[in-house]
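Below: one structure, written as C-alpha cells.
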Amino acid sequence: MAGTAPFAKMNGIGNEIIVADMRGRADKVTAAAAIALNGDAATRFDQIMAIHDARTPGTAYYIDILNSDGSGAQACGNGMRCVVQALAAETGQKTFTFETRAGILNAEEHADGSISVDMGKPRFGWQDIPLAEEFRDTRMIELQIGPIDAPVLHSPSAVSMGNPHAIFWVDKDVWSYELDRFGPLLENHPIFPERANITIVQVTSPETMVIRTWERGAGLTKACGSAACAAVVAAARTRRTGRSVSLMTPGGGKLHVEWRDDDHVILTGAAEWEFSGSFDPSTGAWARDTESAA
Ligand SMILES: N[C@H](CCC[C@H](N)C(=O)O)C(=O)O
C-alpha cells in the first residue's frame, strides 16, 4: 500500500467531482475504491479526476477519469474545470496542458474565476463514436424508444467528444421525459458497443438550449460538460443553432460552448470546492481534513 492520497470534493455546476492527488506515486485509484466512495453519501460523486505525474513531454499532468460505477472515461469537461481550479489555487498558474485517455488538452482559468477547457475536435465517423453498425450520416441515426408507432425519443445525433454521446432532440420541457427509465436502456443499447452518454436537448433559440444527461457509468447528473459540447456540435451540424451557445443544466448551472472555426470545442463554466480529505486509493477508506469546511 502506497499510503493515503489527498483529495478535494468539488463540483462543476453540480456535476459531483472528486479531484484526487496521485502525483508522485505509481498506483491508481481502483474501481473498488471508486465504488466505495460513491457508496458513502458524503463522498458520492459522478467522476473521480485522478491527477498523475505527466507521461508525455509538454504536458503538466496525466488525468485518469473514473465514473462512479468504477469504469474509466476518456473525457470529463466539468471535472477538468475542477482540476484546473484546484491546481491554480495551489500553484498560482492559470494555464495548463493535460493528457487524458482522449489525448492532450489545454485549459485556462480566467480573471473572473471561470474556466475554459479546450475539449479538442469532435468526431462523427460511426467507428469513431463508436456505433455497432455503419451509419454514413451520424447527424441522425436510427434508434428509438417507447411504442413503435409513437416513440418517446427517436433519431438522435451521435458524436464523439473523446467519449460517446447520443443527442436526442425534444420539443417539450426536458423534465417531462423519464430519463431515469430510458437512460439505462439507451446507455446499454447494442448500437453502442462502448455504451454511451444519453442527452435530451430542447433548443430554445439559435444561441440557447436546455439539456439533461444520463451519463454512461454514472446515471442522471446535474450537468455533463462533454455532453454540452456534443449537444452544441450536433445542433450546429443540423442547423438548429449557431456555433456559440449557452446551455442551462438540471443543476441550474450555466455552461457556454463554442465550436471554433479551427474545429476545437471550448467549454466554459464555473467550478466549486466543497471540502478536502485524504483517502486510500485501493479501498476508498477516507477521512475529512479537520480544517476543511463542512
Ligand atoms: N461529467 C462528464 C462526463 C463524464 C463522461 C462519462 N460519464 C463517460 O463518458 O463515461 C463531463 O462533464 O464531461
Side-chain angles (χ1 to χ4, degrees), residues 9-20 29 31 34-35 38 44-50 63-86 98 100-103 105 107 114-120 122-123 128-131 156 158-167 179-180 183-184 186-189 192-201 211-234 247-251 253-257 259 265-272:
K9 172 68 185 61
M10 303 184 69
N11 74 78
I13 62 159
N15 207 178
E16 307 289 352
I17 305 292
I18 290 178
V19 176
V29 180
I35 290 164
N38 191 52
R44 206 200 66 72
F45 69 91
D46 301 320
Q47 274 79 41
I48 294 177
M49 310 293 291
I63 312 295
D64 191 35
I65 307 171
L66 288 94
N67 287 315
S68 53
D69 70 354
S71 63
Q74 301 94 329
C76 177
N78 291 332
M80 287 310 305
R81 293 201 313 280
C82 294
V83 169
V84 168
Q85 192 186 77
F98 299 107
T100 67
R101 244 171 266 210
L105 61 83
S114 68
I115 294 153
S116 292
V117 180
D118 181 343
M119 300 286 286
R123 284 178 300 159
D128 297 324
I129 292 168
L131 301 174
V159 180
S160 169
M161 286 304 311
N163 54 351
H165 290 272
I167 307 295
L179 196 52
D180 53 341
L186 292 165
E187 173 193 359
N188 294 295
H189 191 283
F192 303 118
E194 293 178 15
R195 304 191 283 160
N197 297 288
I198 307 298
T199 297
I200 54 178
V201 179
I211 68 170
R212 255 180 102 200
T213 302
W214 173 274
E215 281 192 31
R216 172 179 71 166
L220 282 180
T221 59
K222 293 203 193 84
C224 177
S226 52
C229 296
V232 171
V233 163
L247 303 96
M248 290 303 299
T249 62
K254 226 177 165 183
L255 288 171
H256 189 267
V257 172
W259 186 13
V265 183
I266 313 299
L267 171 72
T268 302
E272 185 184 28

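As the structure lists them, so they are numbered: ligands from 1, and atoms in each ligand from 1.
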Interfacing atoms of ligand 1 (cut-off 4.0 Å, heavy-atom, [X]):
X: S226; answer: 3 (C), 11 (C), 12 (O), 13 (O)
X: G225; answer: 11 (C), 12 (O), 13 (O)
X: N163; answer: 5 (C), 8 (C), 9 (O)

Has ligand 1 got any nitrogen or oxygen that is less than 3.5 angstrom from a nitrogen or oxygen of [X]?
X: Q74; answer: no
X: A75; answer: no
X: G72; answer: no

> Which distance, rounded to the nearest 0.5 Å, do you find between the CD1 of I35 and the CG of N67?
Replying inline: 11.0 Å

> To the nearest 0.5 Å, what is the distance between CG (D46) and SG (C224)?
Replying inline: 9.0 Å

> In terms of residue, atom name and distance, what is the protein heavy atom nearest to atom 10 (O) of ligand 1?
Replying inline: R216 NE, 2.7 Å

> How far is atom 1 (N) of ligand 1 from its nearest protein heavy atom, and which residue and atom is that?
Replying inline: N15 OD1, 2.7 Å

> Looking at I17 and M49, what are the two nearest heavy atoms and their distance?
Replying inline: CG2-CG, 3.6 Å

>> Please determine whether a side-chain nitrogen of the Lys or Arg among R216 and E187 lies less than 4.0 Å from a carboxylate oxygen of the Asp or Glu.
In response: no

>> So for N67, does at least one of its heavy atoms come nearer than 4.0 angstrom to any atom of ligand 1?
In response: yes

> Would C224 count as a contact of ligand 1 if the rule is a heavy atom under 4.0 Å away?
Replying inline: yes

> Can Q74 and N163 be counted as having a side-chain donor-acceptor contact under 3.5 angstrom?
Replying inline: no

>> If you apply the rule side chain to side chain donor-acceptor pair (under 3.5 Å), what do you find for H165 with S226, and how did you get there?
In response: CA-CA 8 Å; H165 290 272; S226 52; 3.2 Å; yes

>> Among L267, I266, V265, which residue satisfies the side chain to side chain contact (heavy atoms under 4.5 Å, CB included) criterion with D118?
In response: I266

> With backbone taken as N, CA, C and O and side chain as the heavy atoms from C-beta onward, which portion of C76 lies under 4.0 Å from ligand 1: side chain, backbone, both, or neither?
Replying inline: both

>> If we set the cut-off at 4.0 Å for heavy atoms, which region of I65 has an atom near ligand 1: side chain, backbone, both, or neither?
In response: neither

> Hey, mind stepping through T221 and Q47 against side-chain contact (heavy atoms from CB on, under 4.5 Å) and telling me if it holds?
Replying inline: CA-CA 10 Å; T221 59; Q47 274 79 41; 5.7 Å; no

>> Determine whether a donor-acceptor pair (N or O, by modelled atom type, separation under 3.5 Å) exists between the side chain of R81 and the backbone of A270.
In response: yes

> Just going by heavy-atom distances, which of N197, L66, N78 is nearest to atom 9 (O) of ligand 1?
Replying inline: N197

